[in-house]
Amino acid sequence: MIAKKQRVMLATAGDEGLVDGLLAREAGQWLFEVKQDGYRVVAAGEDGQVRLWTRNGIDCTSAYPEVVRALNDQPYQDFEIDGEVVVRDASGQARFELLQQRGGIAAARAGVEEELAATYVAFDILSLDGVDLTPITLDRRRGLLGDAFEFGGALELSELLEGDAAELLAKECAAGGEGLIAKRTSSGYRAGRSRNWYKLKCLRRDDMVIAGYTEPKGSRVGFGALVLGMNEGRRLVYTGRVGTGFDDATLKSLAKRLAKLRTDVCPFASVPPGLGAVNWVTPELVCEVGFGEWSSSGKVRHPRYLGLRPDKEATEVRRERQLPEVKLSNLDKIYYPAIEGTKGEVVSYYDLVAPLMLAEIADRPLVLERFPNGVKAKGFYQKNTPDHVPDYISRVRVDSNSGDSISYSVVHDEAGLRYLANQAALVMHVLLSDAADPAHPIEIIWDLDPTGDDFARVQQAALLLKDRLDDLGLAPRVKSTGSKGLHIHIDISDQPGVVGYDMSRAFASRLAWELVEEAPNDFSLEFSKKERQGKLLIDVLRNGHASHAAAAYSLRAVPEAGAAAPISWEEALDPEFRPRQLTMRNMAERLSAGIDPWADRAAPTSTITGAAEKLLG
DNA sequence: GGGCCAA
DNA sequence: TTGGCCCAACGCCGG
DNA sequence: CCGGCG
């Protein structure tokens, strides 16, 4: 029977026999330990000098000073113990990636011990006070280990699990662990002809959408690897690739099916960086993939193809990521005094809009406008990402207009938004590019910004611009800025890497000029308020390299907590409409009514290059 | 909001 | 330990 | 020439 959507985890195929067979038959003769996701390290104390060695004999003593200290601080000075160095995340789960962030086995960076504290999980002892313990049985060695050392802090004693192998393994896998190590209690250290220990690995499996494939290399037939994705919110996100688990017949038949689905359009919301050449396909085939674990960048580790799932709909393949917990603080602090809006409300607001907002700003460089003391106090802009942000927020370097480059924050998920909200980043701006390709804009924005509260003139400009963009086949969208004006957007992502900022800004200026020529008393490109004489500013400078605009669904720093909200053209042109009428307070009602004006955005029927020609010609 | 640096 | 500083970039103004 | 403002 084909199982339902599985987040179920099983032992690997080989282990099932082991668990049901040997380990069940010899119940009671085996003990189990949690498989630690770290580096195997032998710690040797000699004349009060502790050294740490990897299994292949590399000295890594200086990499884990806190472990060395803990071992120096013991009643015995001469010993040799076996264990695993791990770094735990906030929830106590050992994670290999965190360990790697310490910089491998080189000497530890200063300060890393607080950030990414290492723990040595001891599970065996080889010698004590010069006495070789390897011949005696495992359970006696364990007893000695437990008695001879004082555990705590950076030194832990590996927990022994006793009982039914299948039950223990199921429990560990369900808890998100890596697996178990089974060891024969009567065995000496590395002794015996028969195997006296086994790894029991948890295997995750999930359905994934096939988004593309790579060309085969060498004698390989069909294709090299499948490029995989899963839906998150309304985006298809890259989840890694799988190149093993196929036989030749599968390779050939699948290659044939995929060839028919070939397309030039990358189906991912943003092209995964560093993927190399991929033949994209229309994302409609679903396959099941077995894998070891999720990496923190959301890709499968040790993936294995398990077969097609013709019974599954690609659009229903979702990833519900277990998001990292975001520490929140000061939730009762007032950020919007005029409406007594608290930080807690701000966080809830961003939770609420996250699915729609992420569709617009995930994987794009962000500029933050932060108000730790509320909107009435002075805030500050932040472009560079501080060193201390959690790893579920990433960075992208973009050359700035003035010399040096800037490391912008990039969020990928709800956790990122929550973190920023908790950081009082009330207003979030985006650059007009994807993080993967900062040199090329993916949209053009006309910012209609009235000098006073002259919204009628904003609407007049919006309508003129809309008509022109419609005529050019560019499918304009509109959003309320949440403050005074409107933003008119068009998508130009249909030719990735073709349109540069020079061209998009030139195009934006050109249209803006036409508006100014048409109504020179109403509109102006002039930045200075004085020169502008109360006319409406059509701000096209936002389309320059490294320029930014308030993101869809971002809150604004106005007293009533206005939100920059996608709106329909009907709303935008309604004489009653005001940009601040959509706020942190009423967005929930709007969204639960299913209002999502940009959901079914029309695809442009013309490219920007085509439109530019039409405009000039 | 939170790290850093100078008292 | 505490307290101030910093966290964009530009052009414009007035002092 | 500098600091605050938009």
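Remember, it's a predicted structure, so these values are computed and weren't measured experimentally. Order of the sequence lines fixes the chain letters, A, B, ..., with proteins taken first and strands second; residue numbering starts at 1 for each chain.
Rounded to whole Å, the distance from CG on A/Leu537 to C1' on D/dG6 is 12 Å. In this structure, CG of A/Asp404 is placed 15 Å from C1' of C/dC7, rounded to the nearest angstrom. The distance between atom NE2 of A/His548 and atom P of C/dA9, rounded to the nearest whole Å, is 9 Å. The nearest whole Å value for the distance from the NZ atom in A/Lys383 to the C1' atom in C/dC6 is 16 Å. To the nearest angstrom, C1' of D/dG6 lies 13 Å from CG of A/Asp447. In this structure, NZ of A/Lys378 is placed 12 Å from C1' of C/dC6, rounded to the nearest angstrom. Rounded to whole Å, atom P of C/dA8 lies 16 Å from atom CG of A/Asp399. Atom CE of A/Met428 and atom P of C/dC7 are 21 Å apart (whole Å).
Across all strands shown, C/dA9 has no partner, as no Watson-Crick or G-U wobble contact with both distances under 3.5 Å is found.
Between A/Tyr238 and A/Phe268, the ring-plane angle classifies as perpendicular under the 30° and 60° cut-offs. The aromatic rings of A/His429 and A/His548 lie perpendicular to each other, with more than 60° between the two planes, well past the 30° mark.
Note on A/Asn373: nothing from the nucleic acid sits closer than 4.0 angstrom, heavy atoms only. Looking at heavy-atom distances under 4.0 Å, A/Lys343 makes contact with sugar-phosphate atoms alone, never a base. Nucleic acid contact class of A/Asp387 (heavy atoms, under 4.0 Å, all strands): none. Within 4.0 Å of A/Leu368, counting heavy atoms only, lies no atom of the nucleic acid at all.
A distance of about 28 Å separates the C1' atoms of B/dG2 and C/dC10, rounded to the whole Å. Straight-line distance between the P atoms of D/dG3 and C/dC6: roughly 11 Å, to the nearest whole Å. Only the C1' atoms considered, C/dA9 is 23 Å distant from B/dG3, to the nearest whole Å.
Look at A/Glu360 and A/Lys479 and you find no salt bridge, because none of the NZ, NE, NH1 or NH2 atoms lies under 4.0 Å from a carboxylate O. Between A/Arg418 and A/Asp351, at least one side-chain N (NZ, or NE/NH1/NH2) sits under 4.0 Å from a carboxylate O, which counts as a salt bridge.
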(Q) Show, in sequence, the C-alpha distance, side-chain angles and deciding distance for A/Arg556 and A/Glu369, and conclude whether the salt bridge (charged side-chain N to carboxylate O under 4.0 Å, His left out) test is met. (A) CA-CA 9 Å; A/Arg556 304 306 304 270; A/Glu369 220 182 322; 5.1 Å; no

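Closest contact between the side chain of A/Phe380 and the listed nucleotides B/dG2, C/dA8, C/dC7 involves C/dC7.
In this model, the phosphate group of C/dA8 is not approached by any side-chain N or O of A/Gln382 to a distance below 4.0 Å at OP1 or OP2.
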